[in-house]
Amino acid sequence: MPLARPESLDSRIIAHIDMDCFYVQVEQRKQPHLRGLPTAVVQYNEWKGGALIAVSYEARKFGVKRSMRGDEAKQVCPQIQLVQVPVARGKADLNAYRNAGSEVVSILARKGRCERASIDEVYLDLTDSAEAMLKESPPHSLESIDAEALKSHVLGLKNENGHDAKEKVREWLCRSDTDHREKLLACGAIIVAELRMQVLKATEFTCSAGIAHNKMLAKLTSGMNKPAQQTVVPFSSVKALLDSLPIKKMKQLGGKLGTSLQNDLGVNTVGGLLQFSEEKLQDRYGINTGTWLWNIARGINGEEVQVRLLPKSHGSGKSFPGPRALKTIVSVQHWINQLGDELSERLCFDLEQNKRMAHTLTLHASAYKLSDSDSHKKFPSKSCPLRYGTAKIQEDAFNLFQAGLREYLGSCGVKIQGSNHNGWGITALSVSASKIVAVPSGTCSIMKYFQGQYPSHSSSKQTPDTFIQESAPLSSSGTESYSELKSAEPQSDYNFPCLDLQGQKISESRDKDSFCSSPKQAKDGFALETSQPTSQPLPSGVIFFMLEQLVIPAVIF
DNA sequence: TAGTTACTGGTGT
DNA sequence: CACACCAGT
């Protein structure tokens with residue numbers, strides 16, 4: 001729960017930009033004949049027409065909803081256009097939408113501090129831009145205000161839909177007899193209108209926006225007037241807004257916490273929280289959450305807009321619901337290979353594009369178990385140091401899975417290698433890469449050099465070429481053999497990690513994968529041996545070794 | 001036995 | 001820290 005800053009006078013100008021039915025827009029740009037038609041994006045068309053994950057506003061008029069199946073949508077809107085999410089490796093491939101989101105971010109980031117909040121949402125801190133505008137060309141000095149800005153919805157402004165609504169908005173935007181904060185807000189509205197037009201021009205995507213003095217209020221209002229509209233929250237309208245706002249509409253209160261506030265405190269609107277002291281809220285919900293609740297009831301939220309244009313993690317997952325549950329190790333391995341392949345590709349893309357490397361690989365699964373008292377037990381997530389290379393990721397993820405499965409089934413001597421096995425099923429799998437850190441610039445060119453397919457040389461033992469970036473020299477570079485390197489320094493554990501799981505490790509892979517290789521078939525066997533736990537150093541530089549067609553990124557101090 | 005999937009980010013322990 | 005759990009889209 002984000003902490004609120006103590007000051008209640010918050011003069012920042014924060015915008016929350018929300019793309020309108022984003023996946024639909026991406027597909028409509030790709031197939032322009034779909035524009036203006038009731039359209040939905042659907043994934044997995046085989047069962048009841050697939051699940052809708054985005055619905056155009058034309059289709060919403062017919063009552064089509066997200067979470068409908070395709071068949072259902074057809075019933076209420078027979079002419080609906082259903083577009084399938086691209087499929088790759090047997091699973092949904094969301095890359096087109098991620099990339100489209102990046103297009104938007106790259107435009108919005110030009111104007112202020114920009115935080116990519118999700119695939120289709122962005123926060124902007126426009127305080128500096130608004131201050132500059134107020135100083136240099138305040139709204140009342142402009143001879144004309146853009147039509148898009150005049151279409152703003154200003155909360156609390158009377159006559160919202162009257163014939164002279166735009167005139168009212170113009171008056172509000174140009175007021176000179178008001179406090180500094182409201183003038184800044186007017187500048188923010190004009191800036192955001194401009195930005196939204198730039199986004200439309202550059203990407204063909206429309207978006208909606210909320211403009212307020214903090215993130216909470218901006219987020220709350222960005223969706224109030226959709227599509228392709230923006231809403232401004234003057235300070236003077238905050239109390240009325242929150243007094244009537246159902247508690248579940250507030251971000252973070254849509255789940256169990258919101259339910260508890262309703263059931264245990266009898267609070268049904270955000271304003272209803274005002275009757276409780278900060279101490280009372282802290283006693284019941286903890287110091288952080290209690291203070292946060294006390295503040296949001298007053299429209300206070302000091303959470304800052306973080307500078308973040310790129311995701312913090314990458315994940316690839318798939319569910320296997322009901323009868324599709326995976327029941328054999330071999331099928332699990334197959335899907336882990338698919339997921340690992342996609343993840344590896346995205347990591348390579350991130351490395352090339354953004355010069356970042358991930359340091360932790362995590363495997364999540366959901367499972368069920370028959371005929372056991374603790375069959376409700378959750379399948380444990382497992383993580384390990386992330387080694388680049390498709391086959392390594394696949395192998396490591398598979399080993400994580402097996403470690404998790406052993407734990408899940410209990411140590412009752414389950415034979416893991418047996419391919420046909422009953423009593424358990426896997427209903428979901430995902431692999432993710434996290435702890436992504438920037439690598440020093442210049443590394444990218446080295447990567448390209450390697451990726452440009454080095455002539456494949458057989459197992460001649462040659463001196464490794466060593467590339468060093470902004471880093472301390474390696475103790476005895478130039479003469480190590482593969483095995484010497486492996487046991488050289490503690491840091492080398494990262495280069496050649498031996499998966500450490502419950503006191504067991506799996507020997508390093510023997511694959512000949514290089515970066516960004518195409519998918520490889522997983523190997524059947526792997527060795528088990530014991531080892532000490534390894535620690536994961538934070539990188540201050542990166543080295544690349546070339547060893548018998550192996551490209552190994554090494555993090556050193 | 002997930003039939004709201006496939007992601008994300010955040011907090012708490 | 002690794003992991004569980006929550007929340008949102």
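The chains referred to below are lettered A, B, ... by the order of the sequence lines, with proteins before strands, and numbering in each begins at 1.
Remark: E304(A) does not engage R12(A) in a salt bridge, criterion side-chain N to carboxylate O under 4.0 Å. Under 4.0 Å is where a charged nitrogen must lie from a carboxylate oxygen, and between K318(A) and E342(A) no such pair does. Residues K392(A) and E395(A) are not paired through a salt bridge, judged by the lack of any N-O separation under 4.0 Å between the basic side chain and the carboxylate. Ionic pairing of E204(A) and R29(A) is not present here: no N-O contact between side-chain nitrogen and carboxylate oxygen is shorter than 4.0 angstrom.
As judged by a 4.0 angstrom heavy-atom cut-off over every strand, K91(A) is placed among residues touching the sugar-phosphate backbone only. Among the protein residues, F22(A) comes within range of no part of the nucleic acid, since none of its heavy atoms lies under 4.0 Å from any strand. Within the nucleic acid shown, M250(A) comes within 4.0 Å of sugar-phosphate atoms alone, with no base atom in reach, counting heavy atoms only. Among the heavy atoms of the strands lying under 4.0 Å from A428(A) is at least one base atom, whether or not backbone atoms are also near. Among the heavy atoms of the strands lying under 4.0 Å from S316(A) are primed sugar atoms or P, OP1, OP2 only; no base atom is included. At a threshold of 4.0 angstrom between heavy atoms, the contacts of K369(A) with the nucleic acid are absent. Using a 4.0 Å heavy-atom distance criterion, I53(A) is classed as a base contact.
In terms of phosphate contacts, T362(A) brings no side-chain nitrogen or oxygen within less than 4.0 Å of OP1 or OP2 of dA2(C). Here K318(A) does not reach the OP1 or OP2 of dT5(B): none of its side-chain N or O atoms lies under 4.0 Å away. Between S319(A) and the phosphate of dA2(B), there is no side-chain N or O to OP1/OP2 separation shorter than 4.0 Å. Taking only side-chain nitrogens and oxygens, K251(A) never comes nearer than 4.0 Å to OP1 or OP2 of dT9(C). A sub-4.0 Å separation between OP1 or OP2 of dA6(B) and a side-chain N or O of Y44(A) is present. Here T427(A) reaches the OP1 or OP2 of dA2(B): one of its side-chain N or O atoms lies under 4.0 Å away. One finds a side-chain N or O of R98(A) lying less than 4.0 angstrom from the OP1 or OP2 phosphate oxygen of dT8(B). For S383(A) and dC3(C), the shortest distance from a side-chain N or O to OP1 or OP2 is below 4.0 Å. The side chain of K312(A) contributes an N or O atom lying less than 4.0 Å from OP1 or OP2 of dG10(B).
Comparing dG9(B), dC7(B), dG12(B) against the side chain of N288(A) picks out dG12(B) as the nearest. Closest contact between the side chain of P323(A) and the listed nucleotides dA4(C), dG3(B), dG12(B) involves dG3(B). Proximity note for E342(A) (side chain, C-beta onward) versus dA7(C), dC7(B), dA2(B): the nearest is dC7(B). Here the nucleotide nearest the side chain of Y368(A), chosen from dA6(B), dA2(B), dC3(C), is dA2(B). Among the nucleotides dT8(B), dG10(B), dA6(B), the one closest to the side chain of R308(A) is dG10(B). Candidate nucleotides dT8(B), dC3(C), dA2(B) were compared by shortest atom distance to the side chain of R346(A), and dT8(B) ranks first.
Separating the OH atom of Y285(A) from the P atom of dG12(B) is a distance of 15 Å, rounded to the nearest angstrom. Residue K377(A) contributes atom NZ, which lies 14 Å from atom C1' of dC3(C) at whole-angstrom precision. In this structure, W292(A) places its CH2 atom 14 Å from P of dG10(B), rounding to the nearest Å. Atom CD in Q84(A) sits roughly 16 Å away from atom C1' in dA6(B) (whole-Å rounding). Atom NE2 of H16(A) and atom P of dG8(C) are 13 Å apart (whole Å). Rounded to whole angstrom, the span from the CD atom of E303(A) across to the C1' atom of dA7(C) amounts to 13 Å. Note: CD (Q252(A)) to C1' (dT9(C)) measures 13 Å, nearest angstrom. Per the geometry, NE2 belonging to H314(A) stands 8 Å off P belonging to dT8(B), to the nearest Å.
Side-chain atoms of R196(A) and T206(A), non-hydrogen and from C-beta on, never get closer than 4.5 Å to each other.
Between E303(A) and the choices K251(A), K215(A), K219(A), the salt bridge (Lys or Arg N to Asp or Glu O under 4.0 Å) rule is met once, by K215(A).
Heavy-atom nearest nucleotides on DNA chain B were determined for G317(A) and for S67(A), and the one closer to the 5' end corresponds to S67(A). Each of L370(A) and P311(A) was assigned the nucleotide of DNA chain B with the nearest heavy atom; the assignment lying further toward the 5' end belongs to L370(A).
For the P atom pair drawn from dC1(C) and dG10(B), the interatomic distance equals 15 Å after rounding to whole Å. Across dA2(B) and dT9(C), the matching P atoms stand 25 Å from one another, rounded to whole Å.
In this structure, I426(A) CD1 and L405(A) CG are separated by 6.0 Å, a value rounded to the nearest 0.5 Å.
Between the side chains of T39(A) and S56(A), no donor-acceptor pair of N or O atoms lies under 3.5 Å.
Ring planes of Y23(A) and Y97(A): parallel class, angle under 30° (limits at 30 and 60°). By the 30° and 60° cut-offs, the orientation of the rings of F320(A) relative to W335(A) is tilted.
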Under the side-chain hydrogen bond (donor to acceptor under 3.5 Å, both in side chains) rule, what do D20(A) and S208(A) come out as? Steps first, then yes or no, please. CA-CA 7 Å; D20(A) 304 320; S208(A) 299; 2.8 Å; yes

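Of all the residues in residues 207-221 of chain A, not one reaches under 4.0 Å from DNA chain B with any non-hydrogen atom. Contacts of residues 119-126 of chain A with DNA chain B (heavy atom under 4.0 Å): none.
A distance below 6.0 Å separates the ring centres of F401(A) and F379(A).
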